[in-house]
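Report on the structure given below.
A, B, ... follow the sequence lines: proteins, then strands. Residue 1 opens every chain.
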Amino acid sequence: MKRGVSSPEAYKLFHDGIIVLSEIEANGIKIDTELLKSTIKATADKVKEIKEELQTSEVWKVWKEHYADKANIGSGQQLAHVLFDIMKIKPVVFTEKGSLSDLGFGKISDGLYYKPSTSEKALQDIDHPFVRRLFDMKGYEKVGGTFLKGIKRELVDGFIHPFFDLHTARTFRSSSKFPNFQNIPKRDKEMAEAIRKLFIPREKGWHFWETDFKGAEVVTASCVTGDRALRAYVSDKNKDMHRDTGGDLFLLPKDSVKGDLRHISKNQFVFAEFYGSYYKLTAKAIWDTICREKKLFVPGTEIHIKDHLASKGISEGGLFRHDEDPEAGTFEYHVKEVERIFWHERFPEYTKWKKKWFEQYQKEGGFRTVTGFWIEGPLTKNAVLNYPIQGPAFHCLLWFLINMQKWLRKNKMRTKLVGQIHDSCEGNSPPDEIQDVLGKANELVTVDLPKHFSWITAPMSVEVAVAPPDGSWFDMKEWKCFDGVWKLAA
DNA sequence: GCCCACCGCGCG
DNA sequence: AAAGCGCGCGGTGGGC
């Protein structure tokens, strides 16, 4: 295939893909409008209640004295001034862009200074009731202002019809808007419940369901890079790279790494490294976490992980300065070694691929994904190494949507696809179709997909979640297949 | 009143 | 040299 042009296969995937996405848009997704109304009210009340409470605080008094009728509790700039100038709290995190002669922290160049950040993460160590409560309020404002308001605005006859675009993402992923269906709260349980309860099956007695690709990007990375160790990890359910890497990070036997420690290893080291982070950033994030969390114990004991590391000679985090080498005996120094093991001993073939792939990009000015898309132009190194994985992982889902829709039509099913989130598909089914639909989903992913994409050289699998009849998106529980019958996993 | 950059934050 | 990838959206605040 000619460089500079996407392949006919890539074109066909997006051609068929945009049609199925338009059908999903037209289907739309049903909203519990009565619950929407009451949730909007409850959220607004909560915001009002907390705001009034905040306005009785000493901090607000100071704030008011300085800004008078210009005082705005939603202004980050004002908050920064109150906390860091008036109250003399020492800022530790700064925003990306500078400001001309602003607050005078950390000079960038003449007259240009970094601004202290007022994000929740930046302020998490300020143990002040006003600050804590302020972020409670911001949470409810986010729910009400972005999600509830967005749903209400787009409501048509009790349905919303989020758009799914294929022309915006540089990686050849999709995006969604009006409202964005791909950023509905999930991790924060209270937020998740407030919003996901609103999404209900389109007909009485039907199921709301979701199929997810298991580890979509990791499996794709193993195929794209050809790293055999990574392929072994995603192919064998008894192997676990987050656990093994956690053993290195926390100086524990691999078998003992589970729960929170595994979670930290996975999200703050393994995934961060795959996205191109490096030891100073990952070490700092992990050290901050273990200093903050009082209940992080060596599994099966009451020894805090920090004390455990101290017993191994690591009692300092380090300076985490990008212009200085870490000092021996610090956590930063230790993570540097864990990083070396990760890339040079655990995944050496991935490392070779990264080097080769980036050099190839520098020579050609572009590259082609395994799915045939041509990507070119000025890109950062991390982008060059991430795009060829992020795109194809989504293309697996897009192929799934196309072929699921084809099968539904051919068999005159009543089941409807109602949404898509990068590696998951949401649908609604009558009870008499749910078994066939889940069976077909499983077959498409495990059998048909690897036949279609010859680059898939590691097993793809689905995870399935289903709500009881009339249950909402929030009410879904994991289902598994037992002797050919899909049912509640537990 | 409109536009824009920036920040912050929700998701994968 | 770069330093965590990809999105959409709401609010603030400055400029016109």
Side-chain angles (χ1 to χ4, degrees), chain A residues 67 70-81 93-100 102 114-123 134-135 138-139 141-151 153-154 162-188 191-192 194-196 210 212-213 215-218 220-221 267-285 320-323 339 358 362 375 379-391 393-394 397 419-425:
Chain A
Y67 286 100
K70 294 261 193 308
N72 178 355
I73 204 160
S75 163
Q77 205 174 83
Q78 292 185 13
L79 175 64
H81 187 246
V93 182
F94 296 85
T95 64
E96 198 48 46
K97 302 289 178 186
S99 172
L100 281 173
D102 204 325
Y114 284 113
K115 291 191 286 190
S117 166
T118 55
S119 69
E120 184 167 18
K121 194 169 179 306
L123 303 184
L134 180 65
F135 282 102
K138 283 173 180 280
E141 279 184 332
K142 178 91 178 167
V143 167
T146 301
F147 300 110
L148 298 176
K149 211 171 130 197
I151 291 167
R153 181 171 52 230
E154 301 297 336
F163 289 22
F164 295 100
D165 288 333
L166 290 177
H167 67 278
T168 58
R170 297 164 56 103
T171 54
F172 292 100
R173 253 198 187 179
S174 68
S175 64
S176 171
K177 63 186 181 188
F178 302 151
N180 185 350
F181 185 70
Q182 297 178 321
N183 72 342
I184 304 295
K186 182 171 189 176
R187 299 162 198 168
D188 181 305
M191 272 195 198
I195 309 298
R196 290 185 179 232
E210 183 172 85
D212 277 77
F213 278 82
E217 287 203 16
V218 179
T220 302
N267 293 301
Q268 300 194 11
F269 186 81
V270 175
F271 283 168
E273 290 281 343
F274 280 150
Y275 283 146
S277 189
Y278 81 130
Y279 74 90
K280 282 182 192 294
L281 295 180
T282 55
K284 176 156 184 4
F320 309 112
R321 285 180 56 106
H322 64 77
D323 51 357
E339 183 184 66
F358 187 63
Q362 287 180 306
I375 297 175
L379 298 170
T380 65
K381 187 173 183 182
N382 283 338
V384 171
L385 301 177
N386 284 323
Y387 286 18
I389 293 159
Q390 190 182 98
F394 166 69
L397 175 77
Q420 165 268 128
I421 315 178
H422 307 303
D423 64 353
S424 75
C425 166

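No engagement by A/Ser424 is indicated, since no non-hydrogen atom pair under 4.0 Å with the nucleic acid exists. Contact annotation for A/Ser176: backbone-only contact, meaning every heavy-atom pair under 4.0 Å involves sugar-phosphate atoms and none involves a base. Residue A/Glu120 is in sugar-phosphate contact alone, with no base atom involved, counting any heavy-atom pair closer than 4.0 Å across all strands shown. Nucleic acid contact for A/Asn386: sugar-phosphate only, since backbone atoms but no base atoms lie under 4.0 Å from a heavy atom of the residue. Among the protein residues, A/Phe274 comes within range of no part of the nucleic acid, since none of its heavy atoms lies under 4.0 Å from any strand. Counting any heavy atom pair closer than 4.0 Å across all strands shown, A/Gly76 reaches no nucleic acid atom.
In this structure, A/Asn382 does not reach the C/dA2 phosphate: none of its side-chain N or O atoms is under 4.0 Å from OP1 or OP2. When the side-chain nitrogen and oxygen atoms of A/Ser175 are compared with OP1 and OP2 of C/dG8, one or more of them lie within a distance under 4.0 Å. Regarding contacts with the backbone of B/dC7, a side-chain N or O of A/Thr95 is found under 4.0 angstrom from either OP1 or OP2. Side-chain N/O atoms of A/Arg153 include one lying less than 4.0 angstrom from OP1 or OP2 on C/dG10. Contact between the side-chain N/O atoms of A/Arg187 and the OP1/OP2 oxygens of B/dG10 is not found at any separation under 4.0 Å. Not one side-chain nitrogen or oxygen of A/Ser174 sits closer than 4.0 Å to the OP1 or OP2 atom of C/dC7. Considering only side-chain N and O atoms, A/Ser117 lies under 4.0 angstrom from the phosphate OP1 or OP2 of B/dG8. In this structure, A/Tyr387 reaches the C/dG6 phosphate: one of its side-chain N or O atoms is under 4.0 Å from OP1 or OP2.
A/Phe271 has its side chain out of reach of A/Glu217: every pair of non-hydrogen atoms, C-beta onward, lies at least 4.5 Å apart. No side-chain heavy atom of A/Asp423 sits under 4.5 Å from any side-chain heavy atom of A/Phe394. Residues A/Tyr278 and A/Lys280 have side chains in contact (heavy-atom distance under 4.5 Å, counting atoms from C-beta outward). With a 4.5 Å cut-off on side-chain heavy atoms, A/Tyr275 and A/Leu385 do not count as touching.
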Please lay out, stage by stage, how A/Ser174 and A/Gln182 fare under the test side-chain hydrogen bond (donor to acceptor under 3.5 Å, both in side chains).
-> CA-CA 10 Å; A/Ser174 68; A/Gln182 297 178 321; 3.2 Å; yes

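A donor-acceptor contact under 3.5 Å links the side chain of A/Lys142 to the base of B/dC9. Applying the 3.5 Å distance criterion, the base of C/dC5 shares a donor-acceptor pair with the side chain of A/Gln390.
The distance from atom NZ of A/Lys138 to atom C1' of B/dG8 is 8 Å, rounded to the nearest whole Å. Regarding A/Gln77, its CD atom lies at a distance of 6 Å from the P atom of C/dG13, rounded to whole Å. The distance from atom CZ of A/Phe271 to atom P of B/dC11 is 16 Å, rounded to the nearest whole Å. In this structure, the CG atom of A/Leu397 is 15 Å from the C1' atom of B/dC11, given to the nearest Å. Summarising the geometry, the separation between CD1 on A/Ile421 and P on B/dG10 is reported as 16 Å, rounded to the nearest angstrom. A/Phe147 places its CZ atom 13 Å from the P atom of C/dG11, with the value rounded to the nearest Å. Per the geometry, CG belonging to A/Asp323 stands 14 Å off C1' belonging to C/dA1, to the nearest Å. Rounding to whole angstrom units, CG of residue A/Asn183 and P of B/dG12 are separated by 10 Å.
Nearest heavy atoms, A/Thr171 versus A/Gln390: OG1-OE1, 3.0 Å.
Of all nucleotides listed (C/dG13, B/dC9, C/dC7), B/dC9 comes nearest to the side chain of A/Phe135. Of the candidate nucleotides B/dC7, C/dG6, B/dC11, C/dG6 has the atom nearest to the side chain of A/Thr171. Of the candidate nucleotides B/dG10, B/dC9, B/dC7, B/dG10 has the atom lying nearest to any side-chain atom of A/Pro185. Side chain of A/Ala169, nearest nucleotide from C/dG13, C/dA3, C/dC7: C/dC7.
For A/Ala383 and A/Pro179, each mapped to the nucleotide of DNA chain C holding its nearest heavy atom, the one lying further toward the 5' end belongs to A/Ala383. Residue order along DNA chain C, read from the 5' end via each residue's closest nucleotide, puts A/Tyr278 first among A/Tyr278 and A/Leu379.
Using modelled atom types, one finds a donor on one side chain and an acceptor on the other under 3.5 Å when comparing A/Thr168 with A/Ser175.
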